[in-house]
Amino acid sequence: MSYDSKTIEQKWQKYWEENNLFRSGEKSDKKKFYLLEMFPYPSGKLHMGHARNYAIGDTLARFLRMNDYNLLYPMGYDAFGLPAENAAIKNKINPEKWTDECINTMKEQQKKLGLSYDWNRLVVTAKPEYYKWNQWIFTKFFEKGLAFKKQAPTNFCPKDQTVLANEQVIDGKCWRCQTEVEVKDLEQWFYKITDYAEELLKDIEKLTGWPERVRIMQHNWIGKSDGLSVNFPVKNSDKNIEIFTTRPDTLFGVTFMTFAAEHPLVMELVKGTEKEKEIKDFVNKIVIQKRITRLEEKEKEGIFTGKYAINPLTGDEIPIYVGNFVLMEYGTGAIMCVPAHDQRDFEFAKKYNIPIKEVIQPFDSAQGKPLSAAFVEEGTMVNSQQFNGINSKDAIAKISVYIEEKKFGKRVIHYKLRDWLISRQRYWGTPIPIIYCEKCGTVPVPEKDLPVLLPKDVEFTGEGNPLSKSSSFVSCKCPKCNAPARRETDTMDTFVDSSWYFERYCDPKQDKLPFSKEKVSYWMPVNQYIGGIEHAVLHLLYSRFYTKALRDLGLLNYDEPFQNLLCQGMVVKDGFKMSKSKGNVVSVDDMIDKYGADTARLFILFASPPERDLEWSDEGVLGCYRFVNKIWNLVQGIQQLKIKKPVLNLSKDEKLSATEPFADPPNTSGGKNLERIRNLTIKKVTIDIQKEFHFNTAIASIMEFYNELTAKQSSVDYETFKISLETLIILLSPFAPHICEEMWQVLGHNESIIKQNWPKWDEEKLKQNEVTIAVQINGKLRGQIDVNIGLSEQEIMEFVKSNEKIHKYIINKKIIKTIYVPQKILNIVVGG
RNA sequence: GCCGGGAUGGCGGAAUUGGUAGACGCAAGGGACUUAAAAUCCCUCGCUCUGUAUGGAGCAUGCCGGUUCAAGUCCGGCUCCCGGCACCA
């Protein structure tokens, strides 16, 4: 006799839609709240991870509405991307068609989950009305020099004949076909995110509503290093080698230098020497091997170039090597090496018998002992001329100043953050709005010609970029001189699309600009963003960059897009993340079919707090289903009886055995107690949702409330019972909205439960006359006594003494002291 | 290696500022109802020892130590697990 979830859920989904209950208005006197979930990639079907993300969001959304916020709660689709194109290649279906079908499926599923989005604000990034503004922003960035083209090494999959994003390269292999990725130099478009490195770093401080780990990840990703750039002249040459170091205090200890294999100076220096061939072979070997096996390659390897550099501080001649452990991408691609104080240099020096010169000694120095490893800590300067004797930490600044004075180098800052490569040699993305003209050069497409539409006359063969084979797309006229010209065929990384979609939601139909400043100013920033941790750096960093860049274009007036961030955990089953290959996937559709959306949502939220991984349990789902049914039956029973009698034992299908009558007259102690618990539950549920999104404990206390409500021994008056039951249903409604709507109606209400105000609790009613005090002897629990709330410590002591069970522990013992925590604990410390 | 996070019954998880560890749910066992099963309802349920009229004692929050009347919570030292970064000079 379980309830008919399907009929009820469809009924109310239809009702909500027809009555436009989730439309978000524009400005209003209410306090605004912008609640956002990371929009999905329309891959075809919702998985449990999605369901979890949306269950969290929707519960919060419904809670906020009932608390009278002016809520913006939109949904959209991150619709460009590789899978659509792959489907096109495989099934000879147009990516747009495929994507639209996927969107429709997912939207249906989302509606079946009862999610309360304002569908009027739907944003689909693959639609021209959206990507037009992607292109428009690109041209603005181009004008400001924030979008630029340069030759760069890219990850190229030889099998799929395409460039891949960094994130699509897993352990050096293509994510689709596991082919080892090659490095290919190509002309690529970049966004100059590095211009904002400092601000992106500094403003992490402002993100107090973000999880600490995400902030740290971004911090490390940006990777700021303060240091010194120093020029080392090459002996018998007019060349200088520029290095970067964060350890100026070790400059006197430099005993060799090492180049990255790709460094342009390497071949220049050895040109014409007898070493040339040997070095060339070594360099080639490293360059080829590097990308692929860099992860495993820990063994230091190098080769002497036969050349020497001069340490500007000491005049020492130091040998120059090429090594496999130096990165071309960071710093200057050449390093000074101090084996005594850097472990990598130490290993290298040991291997190639290079001298090791100590310039910092431990404070508790054991002199003369040969080093067994590099000493990397703070210490006292030695062998460093005028800097001897001072603390190495102080030496960093002093030597830096000295180097600058002598013009050997200057202080610089380096970041690990690189510019954002946005070019993709792919069809299914936003075309980069650029035209190449022989006379005028690189010309952005003027606003009146936007959007540059994706052509339809293309074939998906899986080889190369279909756009470059579409002559109608490629050939065009120069917007400046009208001469025949060539159109850029690269499209944009999909992360570009997702870097400002949340601003588009504020003004989704705008056709003069990406969004109006006014609307964005009202709704932004996003008050609560919810999504997976996998975007900790990528999407969340790009969006921050976009916000700052758009601000500098005058399009908006705030610095950070997301005020609070909640990263939900994964959904796992049998210890693994749900995946097809593991065969542990639980289908969202099946859950809805079998138990209904309300139960599915309830379980997802009940099983664990949102930030933790959720272990799926079929039995656990059943438990929630039972709970929903129990309340349902209670409400049905109340109505069927139509008399003031409780329905406490539903022992058989229709046989309702009302064991005890409601108390009469009202306001018995049972009623008072229930009223207290009702208030307690309101408080607990409200705070749990608001504070930490602890939906699991909120649901637990609703269950407790139910247990109390149906407890046999308590006899309450009808009114109190009804108010309690109604409160329970309201409290449950954000979690399980459909069945609560239905029950609300069954109990005789005409207006949707969504329109109800969230109940308030009365602190006065939480108070009680009696309280249980735990009595401890020497910190050990020895008994409990129920006392009147007003009793003093003295009076409680009397109680204790009259309580035989407890008294026996203190009899004949000396009471050293007592600690009384009012209304909680009395701890008696005894001696002897 | 570095940086985060975590470890509580058979399981998922609760525990205000240090104040009765194990809420709530699942599983398990027993019982009621039933021709039977399912469903539902009731009872038990951290471990060990002990006792049997009711009970009592000890041990328990990864490990070792400390602070405190009192520690899952604070401090010091470990172990293991998960995540991120990884030759960043």
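To find a chain, count down the sequence lines: A is the first, B the second, and so on, and within it residues start at 1.
- RNA chain B is contacted by both A:I825 and A:G333; A:I825 maps to the nucleotide lying nearer its 5′ end (nearest heavy atom per residue).
- Between A:R215 and A:Q218, the closest side-chain pair of non-hydrogen atoms is not below 4.5 Å.
- Of the residues in residues 208-217 of chain A, those with a non-hydrogen atom less than 4.0 angstrom from any atom of RNA chain B are A:R213, A:I216, A:M217.
- The gap from the C1' atom of B:C45 to that of B:G84 amounts to 41 Å, rounded to the nearest Å.
- A:L680 has its side chain out of reach of A:F705: every pair of non-hydrogen atoms, C-beta onward, lies at least 4.5 Å apart.
- Atom CG of A:L538 and atom P of B:G84 are 12 Å apart (whole Å).
- Separating the NZ atom of A:K817 from the P atom of B:U68 is a distance of 10 Å, rounded to the nearest angstrom.
- Side-chain proximity of A:R782 to the nucleotides B:C3, B:G58, B:A27 is greatest for B:G58.
- Atom NZ of A:K780 is separated from atom P of B:G58 by 5 Å (rounded to the nearest Å).
- One interatomic measurement links the two molecules: CD of A:E615 to C1' of B:G12, which rounds to 8 Å at whole-angstrom precision.
- Among the atoms of the strands shown, base atoms are found under 4.0 Å from some heavy atom of A:N827.
- Among the heavy atoms of the strands lying under 4.0 Å from A:T772 is at least one base atom, whether or not backbone atoms are also near.
- Of the candidates B:G58, B:C24, B:G13, B:C24 carries the atom nearest the A:F606 side chain, counting heavy atoms from C-beta on.
- As judged by a 4.0 angstrom heavy-atom cut-off over every strand, A:D613 is placed among residues touching the sugar-phosphate backbone only.
- Distance noted for atom P between B:C82 and B:A32: 48 Å (whole Å).
- Checked by distance alone, A:K416 brings no side-chain donor or acceptor within 3.5 Å of a matching partner on the base of B:C85.
- Between A:E708 atom CD and A:R676 atom CZ the span is 9.5 Å, to the nearest 0.5 Å.
- Separation of the C1' atoms belonging to B:G58 and B:A15 is 24 Å when rounded to the nearest angstrom.
- Base engagement by A:V821 is indicated by at least one non-hydrogen atom pair under 4.0 Å involving a base atom.
- Straight-line distance from the CD atom of A:E611 to the C1' atom of B:G4: 15 Å, rounded to whole Å.
- The phosphate of B:G12 has neither OP1 nor OP2 within less than 4.0 Å of any side-chain N or O from A:N696.
- The gap from the P atom of B:A71 to that of B:A21 amounts to 10 Å, rounded to the nearest Å.
- The shortest side-chain heavy-atom distance between A:F735 and A:I689 falls under the 4.5 Å cut-off.
- Side chain of A:T697, nearest nucleotide from B:C3, B:U20, B:A14: B:A14.
- Considering A:Y625, A:Y595, A:F695, A:W616 in turn, A:W616 is the only one that fulfils the ring pair (Phe, Tyr, Trp, His ring centres under 6.0 Å) rule with A:F603.
- Summarising the geometry of A:L327 relative to A:A260, their closest heavy-atom pair is C-CB, 4.0 Å, with the distance given to 0.1 Å.
- The ring of A:F348 has its center closer than 6.0 angstrom to the ring center of A:F325.
- Taking atom P in both B:C75 and B:A7, one finds a spacing of 15 Å when rounded to whole Å.
- Between B:G19, B:G13, B:A23, one nucleotide has an atom nearer to the side chain of A:Q776 than all others, and that is B:G19.
- For the P atom pair drawn from B:G9 and B:C63, the interatomic distance equals 10 Å after rounding to whole Å.
- Glycosidic torsion of B:G6 falls outside 90° of 0, placing the base in anti.
- Here the CG atom belonging to A:N696 is positioned 8.5 Å from the CZ atom belonging to A:R612, to the nearest 0.5 angstrom.
- Looking at heavy atoms from C-beta onward, A:I335 lies out of side-chain contact with A:M257 at the 4.5 angstrom threshold.
- Distances shorter than 4.0 Å separate none of the side-chain N or O atoms of A:R612 from OP1 or OP2 on B:G83.
- Using P as the reference atom, B:G18 and B:A28 are 40 Å apart when rounded to the nearest Å.
- A centroid separation of 6.0 Å or more is found between the aromatic rings of A:F495 and A:W420.
- Here the nucleotide nearest the side chain of A:W221, chosen from B:U20, B:G13, B:C85, is B:C85.
- Nearest nucleotide to the side chain of A:E704, out of B:G58, B:A27, B:A23: B:A23.
- Checking B:C69, B:A89, B:G13 against every side-chain atom of A:P609, the shortest atom distance belongs to B:G13.
- Comparing B:C24, B:C85, B:C26 by their nearest atom to the side chain of A:N707 picks out B:C24.
- With values rounded to the nearest 0.5 angstrom, A:K410 atom NZ is found 13.0 Å from A:S400 atom OG.
- Regarding A:E534, its CD atom lies at a distance of 13 Å from the P atom of B:C85, rounded to whole Å.
- Following rounding to the nearest Å, A:E329 (CD) and B:C87 (P) show an atom-to-atom distance of 9 Å.
- Stem list for RNA chain B (at least 3 consecutive Watson-Crick or G-U pairs, distances under 3.5 Å): B:1-7 with B:79-85, B:10-12 with B:24-26, B:28-32 with B:40-44, B:46-50 with B:55-59, B:62-66 with B:74-78.
- Annotation: side-chain hydrogen bond (donor to acceptor under 3.5 Å, both in side chains) contacts of A:D419 (sequence neighbours excluded): A:T194.
- Contact annotation for A:G223: no contact, since no heavy-atom pair falls under 4.0 Å across all strands.
- The side chain of A:A607 has B:G12 as its nearest neighbour among B:G12, B:C85, B:A14.
- With the nearest nucleotide of RNA chain B identified for both A:R247 and A:N778, A:N778 has the one nearer the 5' end.
- A:Q794 CD: 12 or fewer foreign heavy atoms inside a 6.0 Å radius.
- For B:U34 and B:A39, the C1' atoms lie 11 Å apart once the distance is rounded to whole Å.
- Across the protein-nucleic acid pair, A:L251 atom CG and B:A89 atom P stand 15 Å apart, rounded to whole Å.
- Within the 4.0 Å cut-off from OP1 or OP2 of B:A39, not a single side-chain nitrogen or oxygen of A:R626 is found.
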